[in-house]
Amino acid sequence: MARERRITELGEEVKCAKCNDFWPADSEFFFFNRGKPHSWCKDCYVNDDKMKAKVRRYIDKSRAPARAAA
């Protein structure tokens with residue numbers, strides 16, 4: 001299904017699939033992959049519980065002491 005888009009005085013806006021709000025289709029509001037905006041806006045993506053857990057796992061892994069070579 002095609003994403004909802006609209007043209008306003010700010011330019012093209014894209015609808016976030018999670019919060020259902022329209023945001024300008026630029027890198028301030030969306031992450032881009034291959035020139036297309038992600039389906040969720042940055043705020044929804046960053047504040048998602050799964051993404052928060054992923055970031056915590058990455059931080060914990062990078063803080064863990066390096067294992068000594070046996």
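A donor-acceptor contact shorter than 3.5 Å is absent between the side chain of D48 and the backbone of C44. Of the possible donor and acceptor atoms, none in the side chain of R6 sits under 3.5 Å from a partner among the backbone N and O of E12.
By the criterion of side-chain heavy atoms lying less than 4.5 angstrom apart, applied directly or through intervening Ile, Leu, Val, Met, Phe, Trp or Tyr residues, V46 is not grouped with V55; the two fall into different hydrophobic clusters.
Ring orientation note: the planes of Y45 and F31 are nearly perpendicular, at an angle over 60° on the 30°/60° scale.
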Requested in this report: Assess whether side chain to side chain contact (heavy atoms under 4.5 Å, CB included) is satisfied between C16 and S39, documenting all intermediate values.
Outcome: CA-CA 6 Å; C16 173; S39 60; over 6 Å; no
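With contacts defined as side-chain heavy-atom distances shorter than 4.5 Å, the pair F22/K15 qualifies. Residues N47 and K52 meet the side-chain proximity criterion, which asks for heavy atoms closer than 4.5 Å.
You'll find the ring centres of F32 and H38 outside the 6.0 Å limit.
Counting heavy-atom neighbours within 6.0 Å of K18 NZ, excluding the residue itself, gives a total above 12.
Summarising the geometry of R3 relative to V14, their closest heavy-atom pair is NH2-CG1, 2.7 Å, with the distance given to 0.1 Å. Across all non-hydrogen atoms, the minimal contact from A17 to W40 is CB-CD1, 3.9 Å.
No salt bridge links R5 with E13; every basic N to acidic carboxylate O contact stays at or beyond 4.0 Å.
Note that the CH2 atom of W23 and the CD atom of E28 stand 10.0 Å from one another [nearest 0.5 Å]. Separating the CZ atom in F29 from the SG atom in C41 is a distance of 9.5 Å, to the nearest 0.5 Å.
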